[in-house]
Amino acid sequence: MPLQFFNTLTRAKEEFRPLIPGQVRMYTCGPTVYNFAHIGNFRAYIFEDLLRRFLKYKGFKVTQVMNLTDIDDKIIKGTIELKVSLSDFTSPFKKKFFQDLDTLGIERAELYPEATAHIPEMVEIVKKLLAKGLAYEIDGNYYYSIIKFPSYGKLAHIDITGLKAGARVAADEYEKESVSDFALWKAWDERDGDVYWETELGKGRPGWHLECSAMSMKYLGETFDIHTGGVDNIFPHHENEIAQSEGALGRKFVNYWLHCEHLIVEGRKMSKSLGNFYTLDDILEKGYPPVAVRSVLLSTQYRQQLNFTFEGLDAAREGLKRFNDFYRNLRDYGGGESSGEADDFIKKLLTDFENALDDDLNISPALGALFDFIRDINRLKAEGKLSADERVRALQAVEKINTVLNFLIKDWASPRQDSQIDAMIAARADAKKRRDYPAADKIRAQLLEMGIILEDTPTGTKWKRKL
RNA sequence: GGCGGCUUAGCCAAGCGGUAAGGCGGAGGUCUGCAAAACCUCUAUUCUCCGGUUCGAUUCCGGAAGCCGCCUCCA
């Protein structure tokens, strides 16, 4: 099966063909750094991580750009409230964002350009739009005239004649030619404090959509392969990016638009007022391992709404224990007499896993293939029908799959040097030899208190960390 | 008001015209001093509801109910 993605532009699954064979250039909408990201945000970043990792798995060279929006209304408001500079306000959020990416095992993009570092590029686009008659200026504000861009609405499938002034249109934008026109550049006023840039367009700051047009074309070229974001970005953000980029350059902006659905919590929209609003730290403070959060956010296909529940998080943790136990136990396995079945299981795993993800990143059957494999190989092991050579090939297959999933926990289980743990295990072995089981069980209980779980095997006692 | 998505076992979640993957949970069994890990068996006669098309529908069509969105700065 060829790799297929559901393209928001055409509302259909399409075979993926990058502009340059073997290379993928993609732009993934990043955070606005005005507060800490919530788990809904991370659902999007995890989806993008899956996309990126699977493309690499398929052998593509990936160039991913993720923007950091470090200038917008909320950020300006924050700088004024806290009486700090723009960069002093945003830098802690930027730092925390990258920490959280690491915590969730999200692979870094090639580039994280910041909006504030690309003001000249944005000004250039506005100048091009002005020259083409697609933009106009009123009192230092520059707007895009969407009526001059006939295909406006093609991504969101919105008929612009149906767009009407809504309650959410700010009162200070009354001077626009049309209420649906959007701001490219906003003139400075006193509410902006000392946040402004002196440019050919005057003293002011960029509109929200402009940065993505400017930075994507700078780093990925005027036309590139994939652009992603949450479904809420389809309109107006991505629609406006298309208008800006295609209007300024007169050529197609992006070939494949992928949007991930939102996450809801316990069947309800996540909101602060419902008390079901969670940042990553909120979840981790409850004692869940980060990889369980990764698993929950990854395990529902990206175009399905994801219902985040703590019951689901518990289930994810148990499933990860099984996967990590499987991997560790397979690594420690000595080998037996081959029944000839293992290579068929390996082949089936790799085929089914790849076929599932080829189909618009359909993760559920891919995970189904993995758990089938775990059961099949464990059965062969239990029956002594897995050879040492087959064991190596099975491990390689699992490791290959883990380059996409990233579910294996490093340094989770023995063997590893830890004098205290090793001494306690030795003391317990002594007690067991004397058949002093109460003493042995006491040591085991002490280790459990320390978060260490023991497993007695024919080749000795192994230990692992409690997940 | 306009446009769109979803509803499958206790929970999560595939399948989308030929008789329900997988995970978690639960029950029983094997192994073990006991655990842990692992293996085996069982756990939806049925896919929100009501009609229709069809030899046959969870899958297609129509309608209803519930939930979640977008309609100018929220992933």
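Numbered from 1 within each chain, the chains take letters A, B, ... in sequence-line order.
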What integer number of Å spans the [atom1] atoms of [N] and [M]?
N     : M     : atom1 : value
B:U46 : B:G15 : C1'   : 14 Å
B:C74 : B:U19 : P     : 48 Å
B:U32 : B:G10 : C1'   : 31 Å
B:C60 : B:G1  : C1'   : 30 Å
B:C49 : B:U54 : P     : 23 Å
B:A21 : B:C55 : P     : 27 Å
B:A13 : B:C31 : P     : 38 Å
B:C73 : B:A65 : P     : 31 Å

Query raised in the report: Stepwise, does the side chain to side chain contact (heavy atoms under 4.5 Å, CB included) test hold for A:His259 with A:Trp257?
Result: CA-CA 7 Å; A:His259 292 96; A:Trp257 288 90; 3.9 Å; yes

Just to be sure I understand the rule, does [X] reach a base, reach only the sugar-phosphate, or reach nothing, if contact means heavy atoms closer than 4.0 Å?
X        : result
A:His237 : nothing
A:Gly229 : sugar-phosphate
A:Arg11  : nothing
A:His38  : base
A:Lys381 : nothing
A:Asp441 : base

[X] has a side chain; which of [options] sits nearest to it?
X        : options             : answer
A:Asp232 : B:C11, B:G33, B:A75 : B:A75
A:Asp456 : B:A35, B:A75, B:A38 : B:A35
A:Ile264 : B:C40, B:C68, B:C70 : B:C68
A:Glu455 : B:C40, B:C71, B:A37 : B:A37

Query raised in the report: How far apart are the C-alpha atoms of A:Thr28 and A:Gln64, what are their side-chain angles, what is the distance that settles it, and do they pass the side chain to side chain contact (heavy atoms under 4.5 Å, CB included) test?
Result: CA-CA 7 Å; A:Thr28 51; A:Gln64 179 190 359; 2.9 Å; yes

Starting at atom [atom1] of [X], determine the distance to atom [atom2] of [N], rounded to an integer number of angstrom.
X        : N     : atom1 : atom2 : result
A:Lys321 : B:A36 : NZ    : P     : 11 Å
A:Asn41  : B:A75 : CG    : P     : 5 Å
A:Leu263 : B:C67 : CG    : P     : 19 Å
A:Arg303 : B:G4  : CZ    : C1'   : 13 Å
A:Tyr437 : B:U32 : OH    : P     : 12 Å
A:Asn240 : B:C70 : CG    : P     : 16 Å
A:Asp70  : B:C73 : CG    : C1'   : 15 Å
A:Leu155 : B:C3  : CG    : P     : 19 Å

Query raised in the report: Do the side-chain N or O atoms of A:Asn329 get closer than 4.0 angstrom to the phosphate oxygens (OP1, OP2) of B:A37?
Result: no

Report summary line: Heavy-atom closest pair (A:Leu3 atom, A:Leu357 atom, distance to 0.1 Å) is CD1-O, 4.1 Å

Assigned partner base of [N], Watson-Crick or wobble definition, under 3.5 Å:
N     : value
B:U41 : B:A27
B:C67 : B:G5
B:U54 : none

Can you check whether [X] and [Y] have ring centres sitting under 6.0 Å from each other?
X        : Y        : result
A:Tyr256 : A:His227 : no
A:Tyr136 : A:Tyr142 : no
A:Phe98  : A:Tyr112 : yes

Requested in this report: Could you say whether A:Glu383 or A:Asp73 is positioned toward the 5' end of RNA chain B, judged by the nucleotide with the nearest heavy atom to each?
Outcome: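 It is A:Glu383, whose closest nucleotide lies nearer the 5' terminus.
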
Requested in this report: Specify the residue among A:Ala440 and A:Gly207 whose closest nucleotide of RNA chain B lies further upstream toward the 5′ end.
Outcome: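 Taking each residue's closest nucleotide, the earlier one in sequence belongs to A:Ala440.
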
**Report entry** Under-3.5 Å donor-acceptor pair between A:Arg444 side chain and B:A35 base
**Finding:**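 Indeed, a donor on one side and an acceptor on the other fall under 3.5 Å apart.
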
Query raised in the report: Can the positive tip of A:Lys13 be found less than 6.0 Å from the middle of the six-membered ring of A:Phe6, inside 45° of the ring normal?
Result: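 Checked: cation-pi criterion not met.
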
Query raised in the report: Strictly by modelled atom types, are A:Tyr327 and A:Asn402 linked by a side-chain donor-acceptor pair under 3.5 Å?
Result: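 Result is no, nothing qualifies.
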
Report summary line: Each nucleotide of nucleotides 13-24 of chain B classed B (base within 4.0 Å of a protein heavy atom), S (only sugar-phosphate) or -, in 5' to 3' order, makes SSS-----BSSS

Query raised in the report: Just one of A:Phe308, A:Tyr45, A:Phe277, A:Tyr278 clears the ring-ring contact (aromatic ring centres under 6.0 Å, His included) bar with A:His38, so which one?
Result: A:Phe277

Requested in this report: Tell me, with the steps shown, if A:Ile39 and A:Met270 meet side chain to side chain contact (heavy atoms under 4.5 Å, CB included).
Outcome: CA-CA 10 Å; A:Ile39 54 172; A:Met270 181 167 73; 4.0 Å; yes

